[in-house]
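Beneath this line is the structure, given in structure tokens, with notes to follow.
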Amino acid sequence: MDQPLYDNGVAAGLLAGVLFGYILEAAGFGSPRKLTAQFRLQDWAVFKVMFTAVLVAAVGLWLLEVFGIFGLNAVYVPTTFFWAMGAGGLLIGAGFAIGGYCPGTSVAGLASGRLDALVFMLGMVIGVAGFAWVYEPLQPFYTAAQGPQGQTLPDLFGVPSWVVLGVLIVIAIAGWMLGSRLERRFGGPFAPPQPERREGTPIGQMQPGE
């Protein structure tokens, strides 16, 4: 079935990327302080936004399948390799915590003029090139500990998709409640520094940087 606005991926991917970047910047994720505040458990905006996006995508795909518009068999699911994914998760998590960006938010940060985002992106490109250089020696580790044949949670546990969606919604609600509680405990959520107000100066007349 032909999908609307699908043009073999180029313009549609570019449009999706621009919209995604705009949403990231509008949510404040172009600032590295926002992401590092998540690691300090002070600001749970990253968890809340990303988990909401996961739920919207999961429910949307399920509804498209229920109404026969789009089958899940048309979605590519990469094979699980536990050792490689575990090591990759640790490395990218360390990169998030140290640099304050992920690949997507670094592009949003660079678009808003942040030099530290440019440094992060250069490091990311160097890391990708380094991985490509040592890929062949690492290939046995990369393809070790292959996951089960059931590539999706419904296939793995033998339950309907709506059961998995229900569990995800419960986890999201619990995460939101826990996150909001920890934000209050640690003085969050993070807010950009506000300009100091001079005595007698109306807020609307203050200059940037004041």
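For this chain, numbers begin at 1 and follow the sequence in order.
Counting non-hydrogen atoms of neighbouring residues, nucleotides and ligands closer than 6.0 angstrom, the CZ atom of Phe186 exceeds 12 such neighbours. In the displayed structure, Tyr22 atom OH is contacted under 6.0 Å by at most 12 heavy atoms of other residues, nucleotides or ligands.
Evaluation of the salt bridge (charged side-chain N to carboxylate O under 4.0 Å, His left out) test over residues 175-190, restricted to residues two or more places apart or in two chains, returns Lys48-Glu183. Sequence neighbours left out, not one pair with a member in residues 132-146 passes side chain to side chain donor-acceptor pair (under 3.5 Å). For residues 37-57, the ring-ring contact (aromatic ring centres under 6.0 Å, His included) pairs, not counting sequence neighbours, are Trp44-Phe47, Phe47-Phe51.
Between Phe96 and Pro103 there is a side-chain heavy-atom pair separated by less than 4.5 Å. The shortest side-chain heavy-atom distance between Tyr101 and Arg114 falls under the 4.5 Å cut-off. Using a 4.5 Å heavy-atom threshold, the side chains of Leu156 and Thr152 count as separate. Phe29 is listed as a side-chain neighbour of Val49, based on a closest heavy-atom distance under 4.5 Å.
The backbone N or O of Gly109 sits less than 3.5 Å from a side-chain atom of Ser112, completing a donor-acceptor pair.
Distance CD/Gln151 to OG1/Thr79: 4.5 Å, rounded to 0.5 Å. Separation of atoms CG (Leu35) and CZ (Arg40) is listed at 10.0 Å; rounding is to 0.5 Å.
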